[in-house]
There are 2 protein chains.
Amino acid sequence: MMSDDLLKAHISDTMEIAEPLLDSICASFDEMEVRKGEYVLRQGNPCRFEAYVCRGCFRIFVIDEKGNEKILYFAEADWWLMDIDSFMNRSASVLNIQALEDSVILSISQQEKDNLYQRFPTVEKFFRLMFQKAVVAWQRRLIRNHTQTALERYQYFLQKYPGIAVRVTDRHIASYLGISHEFLSKIKKKTAV
Amino acid sequence: MMSDDLLKAHISDTMEIAEPLLDSICASFDEMEVRKGEYVLRQGNPCRFEAYVCRGCFRIFVIDEKGNEKILYFAEADWWLMDIDSFMNRSASVLNIQALEDSVILSISQQEKDNLYQRFPTVEKFFRLMFQKAVVAWQRRLIRNHTQTALERYQYFLQKYPGIAVRVTDRHIASYLGISHEFLSKIKKKTAV
DNA sequence: GATATTCATTGAACAAGTTCAACTTGGAGA
DNA sequence: TCTCCAAGTTGAACTTGTTCAATGAATATC
């Protein structure tokens, strides 16, 4: 199936891995369709899955005590969906994950994942590398937040994620950047002139 | 040696592991003393080591284009020191790591670490868990940065890291919080009243 | 023990970003 | 096609945080 092929390519891009092992790994994932607007996770519930995005686009966000949504990141094809905090600590999730378009994901349950870890040491390596890359990404993001203005962060976003920039609303982009949507609008006007 | 015992406790707190394996792992680390003010890493150089802090305190910071230092985090006993970005991508480091006190660390070279990964699959698991926890920490940090004011972040820092708060200067704390040291001073005055 | 040097504090002027309210535009659904 | 609702824009007042400059307190160095 095509969805499995994407995941296989994703894994073998990360490291050397034998084809039969790839098959076994992919067999533990379930393909799911998610319609635009649907949630794959709501805060308060424990996150008992991890999912690989094959097609579509999601937003991962929190809601603060004033009721404002704050987007942590967007996930399009080739990204992962999960609340790793909730998943590893078996706690209530603080994250919400919602499809912004009709999407297709490959999902694996906590149980199946534990199984994979126990059966195949190579799976440990793959996720070790994946989390290592995630740490790098978060660290770079914090550095940008501490050294760049809102305008610079906006321009970086446009340049780094042109695909996402055209699919999501400006309100969502502003939320991701950590600014109000009114201010984003004013920033855009400046750059346009 | 006492330093090894700390690292052993750190590892076996994270997961089940046999004693002889712990010994083998620790044997790959070298104990080093670092004097106050000394750097274990300077930006521009590749980071070819990871280090576990046994005693003392460090700051991990970047320097932006205006020459301002921005502290990403502090590391006291039981924390790790590295530029994971530089380490995994074999690129020039953007981070600086400096001892704020006379300190003791256990350091492992890139080569020795690759060795460990190849000899012991369990080591993959340990670092997979470690990076997973790191992702959780960075994610929580971003959420706080996007939902809390400078005052709230300061109070959280005091409550979460009381040990660090008394060892480092207010300038460093301000830099960590992402605000000017003058503004931190004004915040402190408010809370004191 | 004297002297630099760095650190914390404070005030005033300024810049960056928010909030609220009003208005316009553009789709999605009936 | 019409309607309605959500998205984007703009302005004014406001809040949060910065910058620069001056001062006193605390540390390190010789």
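Order of the sequence lines fixes the chain letters, A, B, ..., with proteins taken first and strands second; residue numbering starts at 1 for each chain. Note that these values count all heavy atoms, side chains included, but never hydrogens, waters or copies made by symmetry. Just so we're clear, the structure is a prediction, and the values are computed from it rather than from any experiment.
Between B:K189 and C:dA8 there is no side-chain N or O to OP1 or OP2 distance below 4.0 Å.
When distances run from any side-chain atom of B:I179 to the nucleotides C:dG17, D:dA7, D:dT18, the shortest one goes to D:dT18. For A:S185, whose side chain is taken as the heavy atoms from C-beta onward, the closest listed nucleotide among C:dA12, D:dT10, D:dG17 is D:dT10.
Atom P of nucleotide D:dG17 and atom NZ of B:K70 are separated by 14 Å, given to the nearest angstrom. Summarising the geometry, the separation between NE2 on A:H181 and P on D:dT9 is reported as 10 Å, rounded to the nearest angstrom. A straight line from CD1 of B:I173 to C1' of C:dT9 spans 15 Å, rounded to a whole angstrom. Taking atom NZ of residue A:K66 and atom P of nucleotide C:dT18, one finds them 11 Å apart after rounding to whole Å. Rounded to a whole Å, the NE2 atom of A:H172 is 11 Å from the C1' atom of D:dA6. Summarising the geometry, the separation between CD1 on A:I187 and P on D:dG8 is reported as 14 Å, rounded to the nearest angstrom. Rounded to an integer number of Å, the gap from A:K188 NZ to D:dT10 C1' is 14 Å. Protein atom CG of B:N145 is 11 Å distant from nucleotide atom P of D:dG17, rounded to whole Å.
A:T169 comes within 4.0 angstrom of sugar-phosphate atoms only, judged by non-hydrogen atoms across all strands, and of no base. Residue B:G37 is out of contact with every strand shown, counting any heavy-atom pair closer than 4.0 Å.
Each of B:V34, B:L81, B:L106, B:V104 was compared with B:V53 under the side-chain contact (heavy atoms from CB on, under 4.5 Å) criterion, and only B:L81 meets it.
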(request) Kindly indicate, with the supporting measurements, whether the criterion side chain to side chain contact (heavy atoms under 4.5 Å, CB included) is fulfilled by A:E50 and A:I108. (result) CA-CA 5 Å; A:E50 295 185 9; A:I108 183 170; 4.1 Å; yes
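Side-chain N/O atoms of B:S93 and B:D83 include a donor and acceptor closer than 3.5 Å. Residues A:R153 and A:Q148 bring no donor and acceptor atom of their side chains to less than 3.5 Å of each other.
Taking the nucleotide of DNA chain D with the nearest heavy atom to each of B:E182 and B:K36, the more 5' of the two is matched to B:E182.
B:W80 and B:H10 have tilted rings, their planes meeting at an angle from 30° to 60° on a 0 to 90° scale.
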